**Student:** 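Quick one: structure below, then a few questions.
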Amino acid sequence: MNEENTNLPNVVMPVCPEVKMLKGQKALITGANSGIGKGVAIELAKAGADVVVNYRGGEQAAIELVEQIKTNCGVNAFAYQADVSNENDVKAMFEKMINEFGTIDILVNNAGLQKDAPIDEMTLEQWNTVINVNLTGQFLCAREAIKEFKRRGVREEISVAAGKIIHISSVHEVIPWAGHANYAASKGGVMLLMKSIAQEVAPFRIRVNNISPGAIRTPINTDAWRTPAAYNDLMKLIPYKRIGEVEDIGRAAAWLASDYADYINGTSIYIDGGMTLYPGFATGG
Ligand code: NAP
């Protein structure tokens, strides 16, 4: 054994300051009492943001999440009931947030639902409900956030941008989905809503992007993963051969909302284990 090597001093790591990417920022996450929204709220809070946990029906889950965030992350949080497809509810929610937190820096437009049916059996109510929540709800919240971002401008000590909007879209903004025409239409709409808003407000230093998940393990798609047979079937669509978890989305959202992602504007980030890679062609087609 080479004695010289055994006597090498240990490499001393410098003490790295703890990085809180979103310290001092104020975030609103819609539909945050469940699934992806909950995962995003936790990761934003871990990164130092104060958060508003919006919910529609699940009050108990929202209150529990707020307590968990306040206790574990040392940030401020409150729950707020609002239907994102209702204009008055949305306006009241932003008013409450600005009264409580002073302003908003980050909006995560996450609330969404499915009402599936074959196209020739789809009722107008199923169509309207999905479009109203998934698309109009994202418009209503984005509009209120942008009013505040423009009014306030950049707070240099907080972020180099005047505001950030993340729309939670879906791989179905580009992948057609038989039996789910209302859902795919809503997400395709979200894609061009996002790009059009991004183009319009970029000069105000407002960034607008999509996170477009593939299959993430949440209550919205239980049938796709709860039995081994269903899970194996799902894997045919996922080259990376695992379902996504809400943390996969939450961590990306925290980074995308931070100044580390400051030059990213008007784009969709697909977080899907490769679902958008046309897995059917993996063996040559
Ligand atoms: P989830 O667990 O069912 O959560 C949906 C959330 O939206 C719930 O918190 C729900 O609140 C809320 N919500 C529904 N309607 C609302 C309304 N009118 N106003 C306010 N909140 C409302 O489903 P998820 O999978 O986390 O879905 C979250 C988002 O991710 C949706 O936009 C969905 O399209 C998108 N997404 C999910 C996947 C996936 O694989 N899971 C994939 C791609 C995209 P209540 O419980 O109080 O009703």
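A quick note: this is a predicted structure, and the numbers were derived from the prediction, not measured. All residue numbers refer to positions in the sequence shown, counting from 1.
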**Student:** Using distance alone, with no hydrogens and no angle criterion, decide if E100 and Y80 have a side-chain donor and acceptor under 3.5 Å apart.
**Tutor:** no
**Student:** Does D248 pair with R217 as a salt bridge, N-O distance under 4.0 Å?
**Tutor:** no
**Student:** Please answer: with hydrophobic residues joined when any side-chain heavy atoms are less than 4.5 Å apart, are L113 and I168 in the same cluster?
**Tutor:** no
**Student:** Is the shortest side-chain heavy-atom distance between Q114 and V130 below 4.5 Å?
**Tutor:** no
**Student:** Which heavy atom in A145 sits nearest to a heavy atom in L107, and how many Å separate them?
**Tutor:** CB-CD2, 4.0 Å
**Student:** Please report the closest heavy-atom contact between I238 and G273, naming both atoms and the distance.
**Tutor:** CG2-O, 3.7 Å
**Student:** May I ask you to decide if the ring planes of H180 and W177 are parallel, tilted or perpendicular, using 30° and 60° as cut-offs?
**Tutor:** parallel
**Student:** Working to the nearest 0.5 angstrom, can you tell me the gap between L256 CG and M21 CE?
**Tutor:** 10.0 Å
**Student:** Taking atom CD1 of I211 and atom CG of N110, what is their separation to the nearest 0.5 Å?
**Tutor:** 10.0 Å
**Student:** Given side chains that start at C-beta, do those of M122 and K115 come closer than 4.5 Å, heavy atoms only?
**Tutor:** no
**Student:** Is any side-chain heavy atom of H172 closer than 4.5 Å to one of I175?
**Tutor:** yes
**Student:** Is there a side chain to side chain contact (heavy atoms under 4.5 Å, CB included) between I29 and V52? Walk through the geometry before answering.
**Tutor:** CA-CA 6 Å; I29 303 102; V52 179; over 6 Å; no
**Student:** For the pair N54 (side chain) and T30 (backbone), establish whether a donor and an acceptor sit closer than 3.5 Å, ignoring hydrogens and angles.
**Tutor:** no
**Student:** Below 4.0 angstrom, N of the basic side chain to O of the carboxylate: do R143 and E87 qualify?
**Tutor:** yes
**Student:** Would you name the heavy atoms of N210 and S169 that are closest together and state the gap between them?
**Tutor:** ND2-CB, 3.4 Å
**Student:** Taking D105 as the fixed residue, which of K26, K23, R155 is the one that meets the salt bridge (charged side-chain N to carboxylate O under 4.0 Å, His left out) rule?
**Tutor:** R155
**Student:** Is there a side-chain contact between Q81 and E59, using heavy atoms and a 4.5 Å cut-off?
**Tutor:** no
**Student:** Tell me if a side-chain donor or acceptor on R207 pairs with a main-chain N or O of G163 at a distance below 3.5 Å.
**Tutor:** no
**Student:** Do Q60 and Y55 come within less than 4.5 Å of each other through their side chains, counting heavy atoms only?
**Tutor:** no
**Student:** Nearest 0.5 angstrom please: I146 CD1 to R151 CZ, how far?
**Tutor:** 15.0 Å
**Student:** When you compare the side chains of S159 and D259, does any donor N or O come within less than 3.5 Å of an acceptor on the partner?
**Tutor:** yes
**Student:** Kindly work out whether a path of hydrophobic side-chain contacts (I/L/V/M/F/W/Y, heavy atoms less than 4.5 Å apart) joins V90 to V190.
**Tutor:** yes
**Student:** Examine F101 together with F78 and report whether their ring centres are nearer than 6.0 Å.
**Tutor:** yes
**Student:** Using the rule given for side chain to side chain contact (heavy atoms under 4.5 Å, CB included), can you reason through L140 versus E144, listing the C-alpha separation, both sets of side-chain angles and the distance that settles it, and then say yes or no?
**Tutor:** CA-CA 7 Å; L140 289 171; E144 295 311 305; 6.0 Å; no
**Student:** Hey, what do you get for CD1 (I104) to CE (M93), rounding to the nearest 0.5 Å?
**Tutor:** 8.5 Å
**Student:** Any non-hydrogen side-chain atom of I206 less than 4.5 Å from a side-chain atom of K150?
**Tutor:** yes
**Student:** Compare every heavy atom of S85 with every heavy atom of N132, then report the nearest pair and how far apart it is.
**Tutor:** O-CB, 3.3 Å
**Student:** Locate the shortest heavy-atom distance separating S268 from M194; write the atom from each residue and the value.
**Tutor:** OG-CE, 3.7 Å
**Student:** Quick one: does any side-chain atom of K164 pair with a main-chain N or O of S258 as donor and acceptor, under 3.5 Å?
**Tutor:** no
**Student:** Under a single-linkage definition using a 4.5 Å side-chain heavy-atom cutoff for Ile, Leu, Val, Met, Phe, Trp and Tyr, are L28 and L44 assigned to the same hydrophobic cluster?
**Tutor:** no
**Student:** Flag the pair R205 / D262 as yes when at least one side-chain heavy-atom distance between them is below 4.5 Å, and no otherwise.
**Tutor:** yes
**Student:** Within the side chain of K20, is there an N or O that forms a donor-acceptor pair under 3.5 Å with the backbone of K46?
**Tutor:** yes
**Student:** For the pair Y183 and S170, evaluate side chain to side chain contact (heavy atoms under 4.5 Å, CB included) and give the outcome as yes or no after the intermediate values.
**Tutor:** CA-CA 9 Å; Y183 185 84; S170 165; 3.9 Å; yes
**Student:** How long is the gap from CH2 on W255 to CG on L22, to the nearest 0.5 Å?
**Tutor:** 12.5 Å
**Student:** In Å and rounded to the nearest 0.5 Å, what is the CG to CZ distance from L135 to F139?
**Tutor:** 9.5 Å
**Student:** If only atom types and distance count, is the side chain of D89 paired as donor or acceptor with the main-chain N or O of D83 below 3.5 Å?
**Tutor:** yes
**Student:** Whether the N182 and Q126 side chains hold a donor-acceptor pair (N or O, under 3.5 Å, no angle test) is what I'd like checked.
**Tutor:** no
**Student:** Around E245, counting heavy atoms of other residues, nucleotides and ligands shown, do more than 12 lie under 6.0 Å from its CD?
**Tutor:** yes
**Student:** Give a yes or no on whether the backbone of T267 and the side-chain of N209 come within a donor-acceptor separation of less than 3.5 Å.
**Tutor:** yes
**Student:** Using modelled atom types and a 3.5 Å cut-off, is there a donor and acceptor pairing between side-chain atoms of W127 and backbone atoms of T123?
**Tutor:** no
**Student:** Please lay out, stage by stage, how H167 and I165 fare under the test side chain to side chain contact (heavy atoms under 4.5 Å, CB included).
**Tutor:** CA-CA 6 Å; H167 298 273; I165 297 176; 3.7 Å; yes
**Student:** According to a 4.5 Å side-chain heavy-atom criterion applied to Ile, Leu, Val, Met, Phe, Trp and Tyr, with indirect links allowed, do V19 and I42 form part of one hydrophobic cluster?
**Tutor:** yes
**Student:** Within a radius of less than 6.0 Å around CD of E157, do more than 12 heavy atoms belonging to other residues, nucleotides or ligands occur?
**Tutor:** yes
**Student:** Let me check something: do I106 and L65 share a hydrophobic cluster, defined by ILVMFWY side-chain heavy atoms less than 4.5 Å apart, either directly or through other members?
**Tutor:** yes
**Student:** At their closest point, which heavy atom of A253 faces which heavy atom of I166, and how far apart are they?
**Tutor:** O-CD1, 3.5 Å
**Student:** If you draw a 6.0 Å radius around CD in E67, do more than 12 non-hydrogen atoms from other residues or ligands fall strictly inside?
**Tutor:** yes
**Student:** Tell me if a side-chain donor or acceptor on T136 pairs with a main-chain N or O of V133 at a distance below 3.5 Å.
**Tutor:** no
**Student:** Scan side-chain atoms only and decide if Q68 and E64 contain a donor-acceptor pair under the 3.5 Å cut-off.
**Tutor:** no
**Student:** Can you tell whether the side chains of K70 and D50 come within less than 4.0 Å, N to carboxylate O?
**Tutor:** no
